[in-house]
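Just so you know, residue 1 is the first one in the sequence shown, and it goes up from there. Computation of the quantities below employed the complete heavy-atom set of this structure, encompassing side-chain atoms and omitting hydrogens, waters and symmetry-equivalent molecules.
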Amino acid sequence: MKTPAQSIVHALYRVPLVGRLARIAVGLARLPELRREVDVMREALTSLRALEQRLDGLQASVDTMGGQLAAIMSDHDNLMKSVPVALRQTARDLESLRARIDSGCGPASATVAPQEAT
């Protein structure tokens, strides 16, 4: 619902010369309000730029951690591939040592005889 002042101003807008002057007067009356809105928007833009810089830093950190995680996972995969091979080799070595000990021709006797005291 329009106030009486708004109705009068809108009626003045239709008059050719007076309408232009009325628009200018309304614009001048609203100028302080518009400046406050511009200042608020400027502050919001400044804070958004600061947030954007923080997000860029966080993105760089996430990228770094992603690379580190990939390196760790590849090390883990390599370990999982190499452990069974090493275990099979150790089992073969253990079997060959048992066979040598059982046959009695090991690198040294399985037990060393204690020396007698004189």
Side-chain angles (χ1 to χ4, degrees):
M1 180 174 250
K2 291 183 181 180
T3 63
Q6 287 176 331
S7 297
I8 294 171
V9 169
H10 282 286
L12 289 176
Y13 280 170
R14 291 186 209 112
V15 179
L17 183 62
V18 178
R20 185 157 186 85
L21 292 175
R23 285 187 188 98
I24 292 171
V26 168
L28 289 174
R30 291 191 60 209
L31 187 61
E33 178 184 337
L34 292 174
R35 283 191 178 185
R36 279 191 297 273
E37 289 178 12
V38 167
D39 289 340
V40 168
M41 288 183 189
R42 191 174 290 138
E43 289 174 10
L45 182 62
T46 302
S47 65
L48 285 175
R49 286 182 179 154
L51 285 174
E52 182 182 19
Q53 289 175 350
R54 289 179 63 192
L55 283 175
D56 289 342
L58 289 173
Q59 181 67 39
S61 297
V62 167
D63 291 343
T64 301
M65 288 191 304
Q68 291 173 350
L69 180 62
I72 289 170
M73 291 306 293
S74 68
D75 288 346
H76 177 73
D77 291 342
N78 289 338
L79 181 65
M80 294 303 291
K81 290 176 186 174
S82 65
V83 165
V85 173
L87 287 175
R88 285 194 299 267
Q89 180 63 39
T90 304
R92 282 193 295 268
D93 293 344
L94 183 60
E95 286 300 316
S96 68
L97 285 175
R98 282 187 184 152
R100 287 174 71 185
I101 290 172
D102 289 343
S103 68
C105 61
S109 296
T111 58
V112 176
Q115 296 179 354
E116 294 182 17
T118 45

Output a table of donor-acceptor pairs, distance under 3.5 Å, between side-chain atoms of residues 20-32 and any protein atom two or more places apart or on a different chain; print 'none' if there are none.
none

Side chains of R92 and R88 in contact at under 4.5 Å (non-hydrogen atoms):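 Yes, at least one pair of side-chain atoms sits under 4.5 Å.
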D39 and R42, any side-chain heavy atoms less than 4.5 Å apart: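 The answer is yes, as the side chains (C-beta and beyond) meet within the 4.5 Å cut-off.
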Quick check for you: to the nearest 0.5 Å, what is the distance between T90 atom OG1 and L97 atom CG?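 These two atoms lie 11.0 Å from each other.
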Passes side chain to side chain contact (heavy atoms under 4.5 Å, CB included), E37 versus V40? Steps please. CA-CA 5 Å; E37 289 178 12; V40 168; 5.7 Å; no
Before accepting this row, confirm whether a basic side-chain N of the pair E95/R98 lies closer than 4.0 Å to the acidic partner's carboxylate O.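 Counted as a salt bridge, because a side-chain N and a carboxylate O are separated by less than 4.0 Å.
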Give every donor-acceptor pair under 3.5 Å between a side-chain atom in residues 58-71 and any protein atom, sequence neighbours left out.
residue: Q59; atom: NE2; partner: D63; partner atom: OD1; Å: 3.1
residue: S61; atom: OG; partner: G57; partner atom: O; Å: 3.2
residue: T64; atom: OG1; partner: A60; partner atom: O; Å: 2.9

If you group Ile, Leu, Val, Met, Phe, Trp and Tyr whenever their side-chain heavy atoms sit less than 4.5 Å apart, what else falls in with V38?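 Taking Ile, Leu, Val, Met, Phe, Trp and Tyr as members, V38 stands alone, with no cluster partners.
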